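This report refers to the structure that appears directly beneath it.
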Amino acid sequence: MIRLDCAAALALILASPALAQDKPDPAQAARDAKLREVVLAVSGKQPQQAVSLVDPLLAEYESLYGGAKTPVYCDTEDAETAAYKTLPGGAGARVVDGGWCIALWAKGFAMIDLEQLDGAVPYLERSVALSPLHPHYLSELGYAYQAQKKWQASYDLYARAAEAAKREVGEQQKKSFRRAWFGMGFDLIELGRLDEAEALMKKCLELNPDDPKVKGEFDYISEQRAKQKKS
């Protein structure tokens with residue numbers, strides 16, 4: 001996982017409608033405050049504390065939004081939220097507090113830090129179900145599948161993240177592209193598709209020519225090609 005993603009989560013919390021209003025909804029403001037504590041615990045490498053804090057918060061979100069009969073999506077970026085209306089059944093969808101997805105992500109993130117990967121995956125899958133066009137959540141789930149050695153499933157999630165990143169701008173878009181392309185390339189190496197992997201790693205280097213992890217993958221690709229020639 002990438003620790004800087006915690007900063008992105010905090011930014012989403014700070015953009016909460018409850019904080020933007022002159023007279024914020026007290027209940028939502030309280031949830032946002034709890035959510036900040038959760039994300040700070042995750043970023044502070046206190047995963048057990050994060051889990052203890054987030055469990056009652058997840059129960060609260062579930063009680064608020066879990067019984068909806070129509071599709072439900074988390075409110076995140078404006079362009080992304082608008083795009084949900086174009087999905088099948090999206091015209092009648094309900095857009096709810098984006099904090100729910102942050103809480104689900106945080107639970108999954110913390111459980112991975114606690115070396116409970118299989119238990120973490122359902123929370124990350126739920127965050128993607130509620131934010132199916134969000135690069136961050138798509139890449140998090142892609143990472144988890146990668147850790148489970150589900151290479152094709154991981155690749156598919158990262159590919160969706162790369163497509164979703166087209167709605168972003170500036171440095172955030174670059175970060176999302178780099179993470180998605182690197183993840184896709186890593187999976188392709190494991191799938192033995194070295195030429196495709198190399199092409200994606202080159203795209204990563206276009207974003208940052210000095211990226212040490214990407215350069216390391218080029219070395220690994222060369223090693224794998226040498227092994228293929230010998231076999």
Side-chain angles (χ1 to χ4, degrees), residues 1-19 27-68 71-77 80-81 84 94-150 153-154 157-158 160-161 164 175-176 179-180 183:
M1 299 287 181
I2 298 176
R3 290 292 171 185
L4 289 177
D5 288 337
C6 295
L10 283 171
L12 287 173
I13 298 167
L14 292 172
S16 163
L19 298 181
Q28 185 171 330
R31 287 193 295 274
D32 289 343
K34 294 175 186 175
L35 198 54
R36 282 196 297 273
E37 291 182 35
V38 171
V39 175
L40 289 171
V42 170
S43 63
K45 299 183 181 181
Q46 297 176 304
Q48 191 59 63
Q49 181 183 355
V51 169
S52 298
L53 290 168
V54 80
D55 280 344
L57 191 55
L58 283 171
E60 187 174 351
Y61 283 122
E62 189 67 39
S63 68
L64 286 169
Y65 310 126
V72 174
Y73 298 113
C74 283
D75 188 14
T76 51
E77 305 295 337
E80 179 185 325
T81 300
Y84 291 139
R94 183 183 180 191
V95 178
V96 302
D97 182 1
W100 192 10
C101 282
I102 296 173
L104 288 163
W105 159 79
K107 178 67 180 280
F109 194 119
M111 291 186 73
I112 288 176
D113 274 0
L114 291 169
E115 299 183 357
Q116 299 175 24
L117 175 61
D118 291 344
V121 166
Y123 292 97
L124 299 176
E125 289 176 334
R126 188 78 184 279
S127 70
V128 166
L130 292 169
S131 287
L133 302 177
H134 197 295
H136 174 63
Y137 301 129
L138 289 164
S139 285
E140 289 286 354
L141 182 56
Y143 176 91
Y145 285 164
Q146 199 172 76
Q148 291 179 321
K149 299 185 178 181
K150 298 177 179 179
S154 173
L157 265 295
Y158 278 123
R160 286 173 59 186
K175 289 178 182 178
S176 294
R179 190 176 188 198

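Any value given below was found using the heavy atoms of this structure, including those in side chains, with hydrogens, waters and symmetry copies removed. Since the model is a prediction, treat every value here as computed from it, not as a measurement.
Going from atom CD1 of I112 over to atom CD of Q116 covers 10.5 Å, rounded to the nearest 0.5 Å. Between atom NE2 of residue H134 and atom CZ of residue R160 there is a gap of 13.0 Å, rounded to the nearest 0.5 Å. Interatomic distance, CD of Q46 versus CG of L53, reported as 9.0 Å (0.5 Å rounding).
You'll find the side chain of L35 stays beyond 4.5 Å of the side chain of R31, heavy atoms only. Between K107 and L58 there is a side-chain heavy-atom pair separated by less than 4.5 Å. Put simply, the side chain of Q49 does not reach to within 4.5 Å of the side chain of E37, judged on heavy atoms. Inter-residue side-chain proximity for D118 and Q148 is flagged as met; some heavy-atom pair is nearer than 4.5 Å. Looking at heavy atoms from C-beta onward, V39 lies in side-chain contact with W105 at the 4.5 angstrom threshold. Put simply, the side chain of Y143 does not reach to within 4.5 Å of the side chain of L157, judged on heavy atoms.
Between C74 and Y84, the shortest heavy-atom contact is O-CE1, 3.6 Å. Between A68 and V72 the shortest heavy-atom distance is CB-CG2, 3.3 Å. Across L130 and P132, no two heavy atoms sit closer than the pair C-CD, 3.5 Å. The two residues S154 and G142 have their closest heavy-atom pair at OG-O, 2.7 Å. Taking every heavy atom of both residues into account, L138 and L133 meet most closely at CD1-C, 4.3 Å. Closest approach of A106 to V42, counting heavy atoms only: O-CG2, 4.1 Å.
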- prompt: Going through the checks in order, is the side chain to side chain contact (heavy atoms under 4.5 Å, CB included) test met by L124 and L104?
  reply: CA-CA 6 Å; L124 299 176; L104 288 163; over 6 Å; no

task: Kindly determine whether M111 and V121 satisfy side chain to side chain contact (heavy atoms under 4.5 Å, CB included), including the steps that lead there.
output: CA-CA 9 Å; M111 291 186 73; V121 166; over 6 Å; no

- prompt: side chain to side chain contact (heavy atoms under 4.5 Å, CB included) between L64 and V96: does it pass, once the steps are laid out?
  reply: CA-CA 9 Å; L64 286 169; V96 302; over 6 Å; no

task: Kindly indicate, with the supporting measurements, whether the criterion side chain to side chain contact (heavy atoms under 4.5 Å, CB included) is fulfilled by E140 and R179.
output: CA-CA 10 Å; E140 289 286 354; R179 190 176 188 198; 3.4 Å; yes

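Side-chain atoms of D113 and Q48 form no donor-acceptor pair, as typed in the model, at a separation below 3.5 Å. Judged purely by distance below 3.5 Å, without hydrogens or angles, the side chains of K150 and Y145 never pair a donor atom with an acceptor atom.
Taking the six-membered ring where the residue is Trp, Y61 and W100 present parallel rings, their angle staying beneath 30° rather than reaching 60°.
Distance alone, capped at 3.5 Å, places no donor-acceptor pair between the S131 side chain and the V128 backbone. Between the side chain of S139 and the backbone N or O of Y158 there is no donor-acceptor pair closer than 3.5 Å.
For E62, the salt bridge (charged side-chain N to carboxylate O under 4.0 Å, His left out) test picks out R126, with sequence neighbours left out.
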